[in-house]
Student: 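First, the structure itself, so that you have it in front of you.
On a predicted model such as this, the values are computed, not experimentally measured, just so you know.
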Amino acid sequence: ACRYYMAKKHWQIVERKQKAISEGKVDCVPLTKVPPHVLNNAVRAARLIGDGLYGIDMKEIGKRSVVIEINDNPSIDAGYEDQLLKQRLYRTIMRSFARRMKARS
């Protein structure tokens with residue numbers, strides 16, 4: 001899980017102006033530290049789409065979490081989403097892909 005911060009004085013995480021790029025920071029959060037209502041809503045939203053790899057964008061407002069969008073081709077950028085697990089993140093994803101392909105053959 002990740003917490004994203006918007007670029008300064010901008011409504012998105014990344015702001016591209018001409019040749020300059022401004023980015024907000026990203027904090028990876030262990031799943032054990034994600035509030036249960038946030039994690040439950042993310043899992044429920046993903047299950048509506050299928051059993052693949054999804055990026056669930058959410059907004060937390062107090063004790064309430066709201067799904068903003070579901071990405072079926074989420075970005076996993078080195079130095080951002082892999083801050084916590086490093087190479088283990090990629091190995092876990094690849095093992096899952098390999099297991100699913102083997103199950104289909």
Side-chain angles (χ1 to χ4, degrees):
C2 291
R3 184 178 297 120
Y4 299 90
Y5 299 87
M6 302 303 132
K8 270 191 177 182
K9 299 181 181 182
H10 189 63
W11 63 280
Q12 293 174 306
I13 298 162
V14 177
E15 179 182 22
R16 291 174 177 86
K17 284 185 182 177
Q18 309 260 328
K19 294 183 181 184
I21 294 178
S22 173
E23 297 182 57
K25 71 177 187 163
V26 177
D27 292 333
C28 284
V29 181
L31 292 180
T32 56
K33 301 285 186 189
V34 175
H37 68 279
V38 172
L39 190 55
N40 290 338
N41 282 348
V43 170
R44 285 178 56 216
R47 285 186 179 148
L48 290 171
I49 307 302
D51 66 352
L53 174 64
Y54 306 106
I56 312 297
D57 294 355
M58 303 182 73
K59 174 97 173 155
E60 187 178 19
I61 306 164
K63 296 283 183 189
R64 190 168 161 245
S65 61
V66 180
V67 175
I68 304 298
E69 71 178 355
I70 302 172
N71 298 290
D72 67 348
N73 188 17
S75 297
I76 301 174
D77 295 320
Y80 294 91
E81 288 83 8
D82 66 356
Q83 286 175 8
L84 195 61
L85 298 177
K86 309 279 188 234
Q87 291 299 313
R88 263 190 5 216
L89 174 65
Y90 304 111
R91 287 188 196 104
T92 300
I93 292 169
M94 297 315 296
R95 272 195 301 272
S96 178
F97 287 164
R99 179 179 40 80
R100 290 164 187 252
M101 289 188 319
K102 185 176 181 179
R104 286 185 174 201
S105 58

Student: Tell me the closest heavy-atom pair linking L53 and P74, and the distance in Å.
Tutor: O-CD, 3.6 Å

Student: Flag yes if more than 12 heavy atoms outside R3 fall under 6.0 Å of its CZ atom; otherwise flag no.
Tutor: no

Student: Would T92 and R88 count as having a side-chain donor-acceptor pair, cut-off 3.5 Å?
Tutor: no

Student: Applying a strict under-4.5 Å side-chain criterion to I, L, V, M, F, W and Y, I'd like to know whether M58 and I49 cluster together.
Tutor: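 Both belong to a single hydrophobic cluster.
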
Student: Given Q12, which partner from the list H10, E15, R16 fulfils the side-chain hydrogen bond (donor to acceptor under 3.5 Å, both in side chains) test?
Tutor: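 It is H10, the one option of H10, E15, R16 that forms the side-chain hydrogen bond (donor to acceptor under 3.5 Å, both in side chains) with Q12.
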
Student: Kindly compute the distance separating NZ (K102) from CZ (R95), expressed to the nearest 0.5 Å.
Tutor: 14.0 Å

Student: Should Y54 and L48 be counted in the same cluster of Ile, Leu, Val, Met, Phe, Trp and Tyr side chains packed under 4.5 Å apart?
Tutor: no

Student: Same hydrophobic cluster for I56 and I68, using side-chain heavy-atom links shorter than 4.5 Å among ILVMFWY?
Tutor: no

Student: Do I61 and V29 sit in one hydrophobic cluster, given that two such residues count as connected whenever their side-chain heavy atoms are within less than 4.5 Å of each other, even indirectly?
Tutor: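 Shared cluster, no.
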
Student: Quick one: salt bridge (charged side-chain N to carboxylate O under 4.0 Å, His left out) partners of D82, sequence neighbours excluded?
Tutor: none

Student: How far apart are the closest heavy atoms of Q83 and V26, and which atoms are they?
Tutor: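 Smallest heavy-atom distance, with atoms named: NE2-O, 2.8 Å.
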
Student: Just how far is it from atom CD1 of I76 to atom CD1 of I93, taken to the nearest 0.5 Å?
Tutor: 3.5 Å

Student: Considering non-hydrogen atoms only, spot the tightest contact between A78 and Y90 and give its length.
Tutor: CA-OH, 3.6 Å

Student: Judged by modelled atom types alone, do Y4 and E81 share a side-chain donor-acceptor pair under 3.5 Å?
Tutor: yes

Student: Identify the heavy atoms of Y80 and C28 that sit nearest to each other, and give their distance.
Tutor: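 So the minimum-distance heavy-atom pair works out to O-SG, 3.0 Å.
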
Student: Any idea which heavy atoms bring V14 and E23 closest together, and the distance?
Tutor: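 Residues V14 and E23, closest heavy atoms: CG2-CG, 4.0 Å.
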
Student: Out of curiosity, E60 CD to H37 NE2, how far, rounded to the nearest 0.5 Å?
Tutor: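 The NE2 atom of H37 is 4.0 Å from CD of E60, to the nearest 0.5 Å.
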
Student: So with a 6.0 Å cut-off around CZ of R47, is the heavy-atom count from everything else above 12?
Tutor: no

Student: From K8 NZ over to S22 OG, what is the distance, rounded to the nearest 0.5 angstrom?
Tutor: 8.5 Å

Student: Measuring from atom CE of M6 to atom CD1 of I13, what distance do you get when rounded to the nearest 0.5 angstrom?
Tutor: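 Rounded to the nearest 0.5 Å, the CE-CD1 separation comes out at 5.0 Å.
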
Student: Check the hydrophobic clustering (I, L, V, M, F, W, Y; side-chain heavy atoms under 4.5 Å; chains of links allowed) and say if L89 and F97 are grouped together.
Tutor: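 Linked within one cluster.
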
Student: If you take all heavy atoms of N41 and S65, which pair is closest and at what distance?
Tutor: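 Shortest heavy-atom separation between N41 and S65 comes out as ND2-OG, 2.6 Å.
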
Student: Rounded at 0.5 Å granularity, tell me how far CG in D27 sits from NZ in K25.
Tutor: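 Answer rounded to 0.5 Å: 4.5 Å.
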
